[in-house]
Amino acid sequence: MSIDLSDYKIIKEGEAEILINAKNEVFYNKAQVHNRDISIAVLRTFISKRKDEQEARLSKRKKGTQKVSEKDSAESVMREVPDESMPEDHKSNGKSEIQGVISPEEPSSTTEQSVITEPGNMVEEPIKTNEECSSTEETIKRTEGRGPGQLKPPRVLEALSASGLRSLRYAREVEGIGQVVALDNDKASVEACRRNIKFNGSVACSKVESHLADACVYMLTHPKEFDVVDLDPYGSPSIFLDSAVQSVADGGMLMCTATDMAILCGGNGEVCYSKYGSYPLKGKYCHEMALRILLASIESHANRYKRYVVPVLSVQMNFYVRVFVRIYTSAGEIKKTPLKLSYVYQCTGCDSFHLQPLARTISKNNSVRYLPGFGPVVPQECSDCGKKFNMGGPIWSAPIHDQDFVASMLADVKSMKDRYPAYDHISAVLTTISEELPDVPLFLSLHSLCATLKCTSPPKDDFKSAVINAGYCISGTHVNPIGLKSDAPMDVIWDIMRCWVKNHPVKAQQPDLPGSVILAKEPVLQANFAKAVASRSKAQKVIRFLPNPEKHWGPKVKAGRRITSKHISLLGEAAVNGVLNQEDGDEPHTKRQKTQYDTA
């Protein structure tokens, strides 16, 4: 294939290379290297776990077969052993002797007949008919053709491929991967993807195929055909979720990105509800709440088809959130979905928040009943500061990570650090996630607590020590450097802060302020700020929050839109001027026809 490279810029990421036109015809964002790297790490771990699960199933099946065969052999031995207590003339196989006599009128095609092996001993041996023999031969042939323990390489679907860089990296860098299907409904993107596939050589050509198709229609017409479905749209993924959960095979993986953070974090709550079915709150934990809203939405779509999700990793990075969930089919398991959802009550005066579970269970004998959750969990006014509550949700309140999966990922990433262009960033994120408390939804901001009381902030380790010495657990969060996850109730948290303020007094404040109301109460718990061993992070000398590697590291202009001077804040002055100077001698820019994804 002859390509004039003077019209393109060659971009290398990992082991893949792509050709990008400077006219912004096909979308490419360098900042998404973090997204692609962590997706490759998840895919590698998923393939490894998938093999382990298959081996475990085969081992379990083999043990079951052995038990059945041992039981059958024991029964046959018992039938063959004669009963010594009976007279020799009456020894038989334990059944009535009438069964051992063949009537002359009986047809010769009978399925059972007696064979005399020794004088006085009659043993029944089943004789199979022609139909039974043929069915047995067919079963053996089917088993031999299928092959025990054989697992097909996973098929991957990238629903919105653009330049195809992600698909090419999957094909070239992930060992054991099968076919990769790259979709797009834009002709320029499909042409660019096919050009890049050929540019990357025979490996890419044999594994990656590009199609001009509507992603929703394609996924709906290929139900349960893909082991991995990757959704990384420009904006909200809400319109793709219903078809995506149907396209994933049982036990497969759905990778989903959402970049509409202004909506998910409470900027437009009514729009978030229309897209995701949850109402967001503007708390310090809003980015983690965005993750949990997205998980709840995926679970809702999956439940409509008797399917449910199991999150293995959920991350908030840069300007987006990305979740990795496995999808299974079970009509019984989806009954547990209400137990995984909660509403959130956020105080308007202080940082107190409380979760209201959607449902509960009661056990009676061996049965489990699902009932509505008890409520409300809060009074009309906050018990700490006396202000009203805002209510949001429902959100996913179950764990958002699989810690075993994360530990395997982290070990795999460290063993192949040279193969990840953004190794420093993704290893920092995975290290922080591995230290998070798995069963504590949302988090507190230490600086926000101090802002409410208008006091100096205690050292992070001192505050963590006080919580641990009070008998509770506490950890950091990958979402916010000063965020703290704890299972301690809010009254304990405020007691610790009251004890801190007693040792570090604050200026007099107006009595009706939330901080003044909180400090006016005497602490029930006497905090102990002595250093606790568990207050220090497990992995020492590991940087967990890195700055952006370069300026203008964030979202880029959507493909097809003309780059003008107003995009300097996104792209930088040099990049914008370079594009504008190149367009001076070109023909006037023609506006690309809108698609359904642009309007969405």
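No more than 12 heavy atoms of other residues, nucleotides or ligands sit less than 6.0 Å from atom NZ of Lys60. Shown here is Arg57, whose CZ atom has more than 12 heavy atoms of other residues, nucleotides or ligands within 6.0 Å. Shown here is Lys49, whose NZ atom has more than 12 heavy atoms of other residues, nucleotides or ligands within 6.0 Å. Within 6.0 Å of NZ in Lys207 there are more than 12 heavy atoms belonging to other residues, nucleotides or ligands.
The aromatic rings of Tyr218 and His211 lie parallel to each other, their planes meeting at an angle below 30°, with 60° marking the opposite boundary. Between His222 and Phe226, the ring-plane angle classifies as tilted under the 30° and 60° cut-offs.
Between Val190 and Ser210 the shortest heavy-atom distance is CG1-OG, 3.6 Å. For the pair Ala290 and Cys265, the tightest heavy-atom approach, listed with the atom from each and the gap, is CB-SG, 4.4 Å. For Asn196 against Leu19, the heavy-atom pair with the smallest separation is OD1-N, 2.8 Å. A pairwise comparison of heavy atoms in Cys193 and Ala162 identifies CB-O, 3.8 Å as the closest pair. In terms of heavy-atom proximity, Gln32 sits nearest to Phe319 at OE1-CZ, 4.1 Å. Counting all heavy atoms, side chain and backbone alike, Ala16 lies closest to Leu168 at CB-CB, 4.0 Å.
In this structure, Asp260 CG and Lys275 NZ are separated by 6.5 Å, a value rounded to the nearest 0.5 Å. If you take OG on Ser236 and OH on Tyr276, they are separated by 3.0 Å, rounding to the nearest 0.5 Å. Atom CG of Leu444 sits about 11.0 Å away from atom CD1 of Ile482, to the nearest 0.5 Å. Atoms CG and CZ, from Asp232 and Arg36 in turn, are 8.0 Å apart once rounded to the nearest 0.5 Å. Rounding to the nearest 0.5 Å gives a distance of 12.0 Å between CD1 of Ile298 and CG of Asp242. Between Leu212 atom CG and Lys187 atom NZ the span is 7.0 Å, to the nearest 0.5 Å.
No side-chain heavy atom of Val229 sits less than 4.5 Å from a side-chain heavy atom of Met253. Taking the side chain as every heavy atom from C-beta outward, Arg307 and Ile334 never approach each other to under 4.5 Å. Asn480 is not listed as a side-chain neighbour of His287, based on a closest heavy-atom distance of 4.5 Å or more. With contacts defined as side-chain heavy-atom distances shorter than 4.5 Å, the pair Arg169/Glu13 qualifies. Counting heavy atoms from C-beta on, the side chains of His401 and Phe405 never come closer than 4.5 Å. Within the 4.5 Å cutoff, side-chain heavy atoms of Tyr308 are placed close to those of Ser330. Looking only at side-chain heavy atoms (C-beta outward), Asp230 and Tyr170 come within less than 4.5 Å of each other. Residues His478 and Arg544 have side chains not in contact (no heavy-atom distance under 4.5 Å, counting atoms from C-beta outward).
A donor-acceptor contact shorter than 3.5 Å is absent between the side chain of Ser247 and the backbone of Ala244. Remark: the backbone N or O of Val440 is paired with a side-chain donor or acceptor of Lys485 at under 3.5 angstrom. Under the 3.5 Å distance criterion, the side-chain polar atoms of Arg44 are matched with a main-chain donor or acceptor of Glu173. No donor-acceptor pair closer than 3.5 Å links the side chain of Ser189 to the backbone N or O of Asn185. Of the possible donor and acceptor atoms, one in the side chain of Ser427 sits under 3.5 Å from a partner among the backbone N and O of Asp424. Not a single donor-acceptor pair under 3.5 Å links the side chain of Glu158 to the backbone N or O of Ala182. A donor-acceptor pair under 3.5 Å is formed between the side chain of Ser206 and the backbone N or O of Ser202.
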Next item on the list: Begin with the C-alpha distance, continue with both residues' side-chain angles, and end with the deciding distance and a verdict on salt bridge (Lys or Arg N to Asp or Glu O under 4.0 Å) for Glu17 and Arg172.
Entry: CA-CA 10 Å; Glu17 293 181 333; Arg172 291 178 64 95; over 6 Å; no
Note to self: The test is side-chain hydrogen bond (donor to acceptor under 3.5 Å, both in side chains); show your working for Thr337 and Glu299 and say whether it passes.
What the structure shows: CA-CA 8 Å; Thr337 294; Glu299 174 80 351; 2.6 Å; yes
Note to self: Go through it in stages, so that I can follow the logic: the residues are Val42 and Met409, the test is side-chain contact (heavy atoms from CB on, under 4.5 Å), and I'd like the CA-CA distance, side-chain angles, deciding distance and then a yes or no.
What the structure shows: CA-CA 7 Å; Val42 168; Met409 272 186 66; 3.5 Å; yes
Item checked: Pair Glu436-Ser475, side-chain hydrogen bond (donor to acceptor under 3.5 Å, both in side chains): steps then yes or no -> CA-CA 6 Å; Glu436 281 187 11; Ser475 74; over 6 Å; no
Check: For Leu231 and Thr257, what are the C-alpha separation, side-chain angles and deciding distance, and is it a side-chain contact (heavy atoms from CB on, under 4.5 Å)?
Finding: CA-CA 6 Å; Leu231 291 178; Thr257 303; over 6 Å; no
Next item on the list: Please step through side-chain contact (heavy atoms from CB on, under 4.5 Å) for the pair Val203 and Val208, ending with a clear verdict.
Entry: CA-CA 8 Å; Val203 175; Val208 185; over 6 Å; no
Margin query: Please determine whether side-chain hydrogen bond (donor to acceptor under 3.5 Å, both in side chains) holds for the pair Glu288 and Gln316, giving the CA-CA distance in whole Å, both sets of side-chain angles, and the decisive distance to 0.1 Å.
Written below: CA-CA 7 Å; Glu288 183 179 333; Gln316 187 273 321; over 6 Å; no
Item checked: Residues Leu43, Ile177; criterion side-chain contact (heavy atoms from CB on, under 4.5 Å); working and verdict -> CA-CA 9 Å; Leu43 196 50; Ile177 200 169; 3.7 Å; yes
Next item on the list: Any chance you could lay out the side-chain hydrogen bond (donor to acceptor under 3.5 Å, both in side chains) test for Ser314 and Arg292, step after step, and finish with the verdict?
Entry: CA-CA 9 Å; Ser314 307; Arg292 295 180 179 275; over 6 Å; no
Item checked: Criterion salt bridge (Lys or Arg N to Asp or Glu O under 4.0 Å) on Arg419 and Glu175, from CA distance to verdict -> CA-CA 12 Å; Arg419 301 186 64 182; Glu175 298 79 7; 2.6 Å; yes
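The pair Lys62-Glu55 does not count as a salt bridge, with every side-chain nitrogen at least 4.0 angstrom from each carboxylate oxygen.
Listed by chain and residue number, Lys336 satisfy the side chain to side chain donor-acceptor pair (under 3.5 Å) test with Glu333 (two or more places apart in sequence, or in another chain).
Each salt bridge (Lys or Arg N to Asp or Glu O under 4.0 Å) pair with one or both residues in residues 401-416, not counting sequence neighbours, would appear here, but there are none. Within the structure, every pair that satisfies the ring pair (Phe, Tyr, Trp, His ring centres under 6.0 Å) test and touches residues 422-442, not counting sequence neighbours, is listed here: His34-His425.
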